[in-house]
Protein chains: 2
Amino acid sequence: MAENNSWANQPFSYLLRVISIKMKNKADKSLAEFGLNSQQGHTLGYINSNEGIIQKELADFFKKRDASITSMLQGLEKKGFIERRIPKDNEREKKVYLLPKGKELIEDFDKKFQEIEEDITKCLTDDEIQTLLRLLTKINSNLE
Amino acid sequence: MAENNSWANQPFSYLLRVISIKMKNKADKSLAEFGLNSQQGHTLGYINSNEGIIQKELADFFKKRDASITSMLQGLEKKGFIERRIPKDNEREKKVYLLPKGKELIEDFDKKFQEIEEDITKCLTDDEIQTLLRLLTKINSNLE
DNA sequence: TTCTAACAGTTAGAATTCTAAATGTCAACA
DNA sequence: TGTTGACATTTAGAATTCTAACTGTTAGAA
């Protein structure tokens, strides 16, 4: 690997990006047996905990464009993992629900995602874990 | 926003991912005036500091697939920012060089990336910055 | 009641990234 | 010298994500 690198000027940008990619790669590989990727897995998990959530809220939570969420949900619906229903009280919205086929994946997903979370924490002391959580939470709150 | 969320079980996965996306969005917006995105900008910056680096090393550094780097570099070459040369001593490789059109962007890019870096650090004390850097470096080293 | 601005989701098409396979080259070994 | 496995890059096509514009709906003001 090249010796002299410009990331030294922006270490956080680099480290956050690369750690994020590494985690995504691990999660993608973990879910490949289900024919799903990490974003889809995270989305199913989130819907499981938030039955009837509207698409807009998914986009907000994951910081993804509306169109990307639409496209992903279309795929998940097509594969039979979710259904989207227009509520009686607001025809603009679609509320998203897990179908049985989606529900049966959740336990496995949680286990796999937990393993990956531990890939982060296992090299840290309890104190370090608490500190990192505090710092990342602060940064996230501060960023728009 | 939904109250009950499953990210509480995997806070690091969520926070790292979302912070990373937010930074990417800021950087993309920052570079839009040049008709480039953040990955392209980071790549040009890295090539600037590592004249003659081969594609494989770029892929390793950015944790991207070889094919993605090829595709991106093809675009950058087409737009006149870089050139790729096959060295005399190894015909498998292509060494990458900035062209003048690419070089003249570097200063602006550095400034913009520095601003985004400061978006991370400005809410932290010096001590917290050092701690975060230490922790993220440790985690990155520990992840494959 | 009508209008306006904002909202939620979608579409079409482009851009980006990936997968899987392929091609040509190199290094090391027999 | 010949062979083999590894290397670096590319290609074709699929998947994912985005941009920009659009459609239909709602909430609130006039």
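Reminder, nothing fancy here: chain letters follow the sequence lines and each chain counts from 1.
- Checking A/K22, A/K112, A/K26 one by one against A/D119, the salt bridge (charged side-chain N to carboxylate O under 4.0 Å, His left out) holds for a single residue, A/K26.
- One finds no salt bridge joining B/E77 and B/K79 here, because no Lys/Arg side-chain nitrogen approaches an Asp/Glu carboxylate oxygen to under 4.0 Å.
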Contact pattern, 5' to 3', of nucleotides 15-26 of chain C - B, S or - by protein heavy atom under 4.0 Å | -SBBB----BBS
Can you check side-chain hydrogen bond (donor to acceptor under 3.5 Å, both in side chains) on A/Q39 and A/T43, steps first, answer last?
-> CA-CA 6 Å; A/Q39 182 59 65; A/T43 302; 3.2 Å; yes
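- Base pairing analysis places D/dA6 opposite C/dT25; the two distances defining the Watson-Crick or G-U wobble pair are each below 3.5 Å.
- Here D/dT9 presents its P atom at 10 Å from CD1 of B/I53, a figure rounded to the nearest Å.
- Between the CD atom of B/Q74 and the C1' atom of D/dT9 there is a distance of 10 Å, given to the nearest Å.
- Remark: A/K56 engages A/I54, A/D60, A/D66 in a side-chain contact (heavy atoms from CB on, under 4.5 Å) (not counting sequence neighbours).
- By the 4.0 Å N-to-carboxylate-O rule, B/E51 lies too far from B/K95 to be salt-bridged with it.
- Take the nearest nucleotide of DNA chain D for B/K94 and for A/G35: the residue whose nucleotide is more 5' is B/K94.
- For the ring-ring contact (aromatic ring centres under 6.0 Å, His included) with B/Y46, the lone residue among B/F113, B/F61, B/F109 that qualifies is B/F61.
- Separating the NZ atom of A/K56 from the P atom of C/dT10 is a distance of 12 Å, rounded to the nearest angstrom.
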